[in-house]
Amino acid sequence: MQNALAIEIANAAARLVVEEGLEWGAAKRRAVKELGLPQRTPLPDNDLVEDAVREYIGLFCADTQPTELRALRELALVWMQRMQDFRPYLGGAVWHGTATRLSDIYLALFCDDPKSAEIALIDHHVNYEPRTVMGFRGEPVDALSLSSRSAALHEEIGVHLLIYDLDDLRGALRPDARGRAPRGDLQAVRRLLQEMPISTLSS
């Protein structure tokens, strides 16, 4: 019974992730509310939500999502090249392949000096907003959030630069529960793009 309920919540959350661009945590909490369940209802784990998101995309977005994902990965690569002095790694839905045009891009930067990436943005006259987000260990992490236009998607995309110490890099690359790399560097993202079909988005 509990497993069936977790799947129902995951499926509801997946719809919110794909159709409204919600982050997974927020989508799970809102799914519980929309299903009329008690606020303290246990939430499904991220693996279950990921499976539901992939299934939803396969059913309803199979004709558009691959092209949108490619556009987001191309934009991520642009910012990784701009910030390559700070050892950028792409994570989240854009890395794992579940992103749509409503998804944001999350780049982890590993810096000798935590202020150096911010100074680089200032030097290049990039408008950004300092934020605090949840890091890969569940801890609060400083982030620099900005908006960047995707020429392929014809819209602005949120890009979030998460600032870590250089010492955090080893832990950031440990395989996830499914044995996959949780994020990838410039070369890894280039390889992903080489493996993807090239298609054109309609305006």
Results of side chain to side chain contact (heavy atoms under 4.5 Å, CB included) for Leu192 - residues two or more places apart only:
Arg73, Trp95, Glu195
Donor-acceptor pair, side chain of Asp45 and main chain of Asp47, under 3.5 angstrom
yes
Please say whether more than 12 non-hydrogen atoms of neighbouring residues, nucleotides or ligands are located less than 6.0 Å from CZ in Arg178.
yes
Mark yes or no for whether Arg70, through its side chain, and Leu193, through its backbone, hold a donor-acceptor pair below 3.5 Å.
yes
Shortest non-hydrogen contact from Ala76 toward Leu90
CB-CD1, 4.0 Å
Taking 4.0 angstrom as the limit, do Arg101 and Glu155 come out as a salt bridge?
yes
Determine the minimum heavy-atom distance between Gly184 and Val189, stating which atoms define it.
O-CG2, 4.1 Å
Separation between CG of Asp176 and CG of Asn46, rounded to the nearest 0.5 Å:
10.5 Å
After noting the C-alpha distance and the side-chain angles of Leu35 and Thr41, does the key distance pass the side-chain contact (heavy atoms from CB on, under 4.5 Å) rule?
CA-CA 11 Å; Leu35 291 169; Thr41 301; over 6 Å; no
Does the side chain of Thr64 come within less than 4.5 Å of Cys61's, by heavy atoms?
yes
Is there a path of hydrophobic side-chain contacts, each under 4.5 Å between heavy atoms of I/L/V/M/F/W/Y residues, joining Val159 to Ile122?
yes
Can you measure from CZ (Arg183) to CZ (Arg174) and round to the nearest 0.5 angstrom?
11.5 Å
Work out which heavy atom in Pro44 is nearest to a heavy atom in Lys28; give both atom names and the distance.
O-NZ, 3.0 Å
The complete set of side-chain hydrogen bond (donor to acceptor under 3.5 Å, both in side chains) pairs with one or both residues in residues 117-129, sequence neighbours excluded, reads Lys115-Glu118, Glu118-Tyr128
side-chain contact (heavy atoms from CB on, under 4.5 Å) assessment of Glu34 paired with Arg15
CA-CA 12 Å; Glu34 289 190 356; Arg15 179 182 59 80; 2.9 Å; yes
List the steps and the verdict of side-chain contact (heavy atoms from CB on, under 4.5 Å) for Thr100 and Leu69.
CA-CA 6 Å; Thr100 69; Leu69 175 62; over 6 Å; no
Grouping I, L, V, M, F, W and Y whenever their side-chain heavy atoms are under 4.5 Å apart, do Leu75 and Leu153 come out in a common cluster?
yes
From Glu8 atom CD to Asn11 atom CG, the distance as rounded to the nearest 0.5 Å
8.0 Å
Residues that Lys33 engages under side-chain hydrogen bond (donor to acceptor under 3.5 Å, both in side chains), provided they are two or more places apart
none
Whether over 12 other heavy atoms sit under 6.0 Å from Gln81 CD
yes
What are the two closest non-hydrogen atoms of Ser116 and Cys111, and how far apart are they?
OG-CB, 3.8 Å
Side-chain heavy atoms under 4.5 angstrom apart, residues restricted to Ile, Leu, Val, Met, Phe, Trp, Tyr: same cluster for Met134 and Leu43?
no
In terms of the angle between their ring planes, are Tyr164 and Phe136 parallel, tilted or perpendicular, with boundaries placed at 30° and 60°?
tilted
Can you confirm whether Trp79 sits close enough to Leu146 that some side-chain heavy atom of one is under 4.5 Å from a side-chain heavy atom of the other?
yes
Pair Arg87, Asp112 - check salt bridge (charged side-chain N to carboxylate O under 4.0 Å, His left out), show working.
CA-CA 10 Å; Arg87 304 168 188 86; Asp112 297 302; 3.7 Å; yes
Give a yes or no on whether Ile57 and Val94 share a hydrophobic cluster (residues Ile, Leu, Val, Met, Phe, Trp, Tyr; joining criterion: side-chain heavy atoms under 4.5 Å apart).
no
Which pair of non-hydrogen atoms, one from Leu144 and one from Ala117, has the smallest distance, and what is that distance?
CD1-C, 4.2 Å
dist Leu22:CG -> Ser103:OG (nearest 0.5 Å) comes out at 10.5 Å
Please check if the number of heavy atoms outside Arg40 that lie under 6.0 Å from its CZ is greater than 12.
no
Please say yes or no: joined through hydrophobic side-chain contacts below 4.5 Å, possibly via intermediate residues, are Leu173 and Leu166 part of one cluster?
yes
Phe86 meets the ring pair (Phe, Tyr, Trp, His ring centres under 6.0 Å) criterion, sequence neighbours left out, with none
What is the distance from atom OG of Ser150 to atom CD1 of Ile157, rounded to the nearest 0.5 Å?
5.5 Å
Flag the pair Arg29 / Gln39 as yes when at least one side-chain heavy-atom distance between them is below 4.5 Å, and no otherwise.
no
Return yes if a side-chain donor-acceptor contact under 3.5 Å exists between Glu23 and Tyr106, otherwise no.
yes
Contacts of Pro88 that satisfy side chain to side chain contact (heavy atoms under 4.5 Å, CB included) - sequence neighbours left out
Met80, Leu109
Considering non-hydrogen atoms only, spot the tightest contact between Val141 and Ile163 and give its length.
CG1-O, 3.3 Å
I'd like to know if Arg190 pairs up with Glu74 as an ion pair, taking the criterion as any Lys NZ or Arg NE/NH1/NH2 lying under 4.0 Å from an Asp or Glu carboxylate oxygen.
no
Let me confirm one number: the CG-CH2 distance from Leu16 to Trp24, rounded to the nearest 0.5 Å.
13.5 Å
Going through the checks in order, is the salt bridge (charged side-chain N to carboxylate O under 4.0 Å, His left out) test met by Asp185 and Arg191?
CA-CA 10 Å; Asp185 62 8; Arg191 282 196 299 270; 5.1 Å; no
Between Glu20 and Arg30, does the side-chain contact (heavy atoms from CB on, under 4.5 Å) criterion hold? Intermediate values first, please.
CA-CA 12 Å; Glu20 299 188 24; Arg30 201 168 112 191; 2.8 Å; yes
Could you note down all residue pairs passing side-chain hydrogen bond (donor to acceptor under 3.5 Å, both in side chains) where residues 131-147 supplies at least one of them, sequence neighbours left out?
Arg131-Ser145, Arg131-His160, Arg137-Asp168, Ser145-His160, Ser147-Glu156
